[in-house]
J.: 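What follows is a single structure, and I will ask about it in a moment.
Counting from 1, the numbers follow the sequence of the chain as shown. Any value given below was found using the heavy atoms of this structure, including those in side chains, with hydrogens, waters and symmetry copies removed.
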Amino acid sequence: MLHPRARTMLLLAIPALIIGVASSLVLIVVMKVASVLQAMLWTALPAQLGISVDSPGWIMLMLTLTGVAVGLVIRFSPGHAGPDPALEPLIGAPVPPSALPGLIIALILGLAGGVSLGPEHPIMAVNIGMAVFFGSRILPRVGALDWTILASAGTIGALFGTPVAAALIFSQTLTSNNDVPLWDKLFAPLMAAAAGALTTSLFFHPHFSLSLPHYGQMHIADIFSGAIVVAIAIALGMIAVWCLPRLHRLMHRLKHPVLILGAGGLMLGVLGAIGGTVTLFKGLDEMQQLAFSQVFSVSDYLLFALVKLAALVVAAACGFRGGRIFPAVFIGVALGLMLHEHVDAVPAAITVSCSILGLVLVVTRDAWLSLFMAAVVVPDSTLFPLLCIVMLPAWLLLAGKPMMMAWRNDK
């Protein structure tokens, strides 16, 4: 009853479902453990000691100790807790299984300790490493690249709570031909992404969307406003692109991971003391505070954006295990709210969504993912045509520009 093409797709359906569920479970366990540890370090412990969690001294102490702890894990764990995220793309080569425990511990410590990085890169590396290791032994005829695609799709679905992001990302990386259409190749990755998203939704729902005033009908002036906002966001992001490899080279002159990450933790602590606790952690919950608060001014939002951007560069340059997408979204929200407060004639929906689009585009160089993040954080269907239009000048501005990665000859 089924065409041979359909039977081929179904062969990977069950492995895709298993990998999608497993990818989500790894994310859930890591996030739950990190959340418990974060509550202990940032709520229970300072309360017992009678110290304010907003105290600059406490923030500096916690970030410095976090840096030292992560440095010790990287120094003494097999495989040095995986590759340096500053040198790797989001979806990279499989990590040896021996390096995965250290990578998970380093990620949990960074997330709980307040480091300004998200979980996406280490979780992706862990899931790809496990999928390739177990998959190649259970089904040796399936290549490592196929297991990598399934694991990365499942992880993307789990991270964002929807398979849409995976469909967009892999639609530009999986080429099609007359014999094998694109959707044949997308079938198994989407199966994994859907399984990951559904599994994540059983335990918690990622809160990306912000409650901003509804954007009405699009006007020509809004396109120009959006393009200007995107250009400002790109200019800010390119400062980080310029700084990251240079700071990475400077910090790695210290040679020892404990010294590098300890010094990095101290710098993060100083930045956290300046920006406050809202500029710590991965930024997902903290951006909700920015949107719901009515007490922040233009200068406050600008301070939050600049401090978070500096913290992102420092954390990435020093080798903390984490991803850069979630902090970039926080920076986009802070920048967008600042621009709206400065020029309130431009709707907040435009300034926030276009800022996110520009900054995520700088960090990832993935137009689909940038559009997706902007549309998810500001879920207004009226905005989508405008976002597609302002993406064009944004893509032109970044064409041929360096990626937000360190140079591999730094060490």
Side-chain angles (χ1 to χ4, degrees), residues 116 208-243 271-272 274-280 283-313 326-363 370-371 373-380 382-394 397-398:
S116 293
F208 288 99
S209 60
L210 300 179
S211 297
L212 298 177
H214 175 70
Y215 174 66
Q217 184 178 358
M218 185 176 69
H219 303 282
I220 297 297
D222 295 337
I223 296 175
F224 289 101
S225 299
I228 293 172
V229 171
V230 167
I232 294 172
I234 289 175
L236 185 64
M238 290 306 294
I239 295 174
V241 171
W242 187 89
C243 291
L271 290 170
I274 296 172
T277 54
V278 74
T279 61
L280 303 180
L284 184 58
D285 297 328
E286 289 72 24
M287 74 181 190
Q288 300 288 340
Q289 299 178 32
L290 297 185
F292 283 110
S293 177
Q294 303 294 324
V295 299
F296 297 133
S297 63
V298 172
S299 58
D300 292 329
Y301 287 127
L302 179 60
L303 176 67
F304 296 153
L306 294 178
V307 167
K308 190 70 170 183
L309 185 69
L312 170 58
V313 172
F326 287 8
V329 173
F330 174 94
I331 298 166
V333 172
L335 178 63
L337 292 173
M338 184 275 291
L339 293 173
H340 169 67
E341 290 292 327
H342 184 62
V343 184
D344 58 6
V346 182
I350 291 178
T351 59
V352 172
S353 62
C354 291
S355 294
I356 293 171
L357 186 149
L359 281 159
V360 175
L361 190 61
V362 169
V363 169
S370 303
L371 282 169
M373 294 306 304
V376 167
V377 175
V378 188
D380 196 327
T382 314
L383 272 173
F384 197 70
L386 183 145
L387 293 174
C388 290
I389 294 172
V390 300
M391 172 61 78
L392 302 177
L397 286 174
L398 287 172

J.: Looking at every heavy atom in both Ala305 and Leu335, which two are closest together, and how far apart are they?
T.: CB-N, 4.1 Å
J.: Looking at CZ of Phe330 and CZ of Phe304, how far apart are the two atoms once the value is rounded to the nearest 0.5 Å?
T.: 7.0 Å
J.: Where do Val295 and Asp300 come nearest, in terms of heavy atoms and distance?
T.: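 That would be O-OD2, 4.1 Å.
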J.: If every non-hydrogen atom of Pro379 is compared with every non-hydrogen atom of Leu210, which pair is closest and at what distance?
T.: CD-O, 4.2 Å
J.: Just by distance, do the side chain of Asp380 and the backbone of His214 share a donor-acceptor pair under 3.5 Å?
T.: no
J.: Test your reading of the model: is there a side-chain donor-acceptor pair from His340 to the backbone of Val352, 3.5 Å cut-off?
T.: no
J.: Of the non-hydrogen atoms in Leu361 and Met391, which two are nearest, and what is the gap between them?
T.: CD2-SD, 3.8 Å
J.: In Å and rounded to the nearest 0.5 Å, what is the OG to NE2 distance from Ser299 to His342?
T.: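 With rounding to 0.5 Å, OG (Ser299) is 12.0 Å from NE2 (His342).
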J.: Does the Ser116 side chain pair with the main chain of Thr279, one donor and one acceptor, at a distance under 3.5 Å?
T.: yes
J.: Distance check, rounded to the nearest 0.5 Å: Ile223 atom CD1 versus Leu392 atom CG?
T.: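 Here the interatomic distance stands at 10.0 Å.
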J.: First locate atom CG of Leu212, then atom CG of Leu383, and finally report the distance between them rounded to the nearest 0.5 Å.
T.: 9.5 Å
J.: Please report the closest heavy-atom contact between Ser353 and Leu387, naming both atoms and the distance.
T.: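 In terms of heavy atoms, the two residues are closest at OG-CD2, 3.7 Å.
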J.: Measure from the side-chain N and O atoms of Glu286 to the backbone N and O of Gly283, and report whether any donor-acceptor pair falls under 3.5 Å.
T.: yes
J.: How close do Ser209 and Gln288 get, heavy atom to heavy atom, and via which atoms?
T.: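 So the two residues come closest at O-NE2, 3.2 Å.
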J.: Verify side chain to side chain contact (heavy atoms under 4.5 Å, CB included) between Leu386 and Cys354, making sure each step is shown before the conclusion.
T.: CA-CA 9 Å; Leu386 183 145; Cys354 291; 3.8 Å; yes
J.: Take Leu290 and Val278 through the test side chain to side chain contact (heavy atoms under 4.5 Å, CB included) and record every step on the way to the result.
T.: CA-CA 8 Å; Leu290 297 185; Val278 74; 4.0 Å; yes
J.: To the nearest 0.5 Å, how far apart are CG in Leu371 and CD1 in Ile356?
T.: 12.0 Å
J.: Rounded to the nearest 0.5 Å, what separates atom CZ in Phe208 from atom CZ in Phe326?
T.: 4.0 Å
J.: So, does Asp222 use its side chain to make a donor-acceptor pair with the main chain of His219 at under 3.5 Å?
T.: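 Side chain of Asp222 to backbone of His219: a pair is present.
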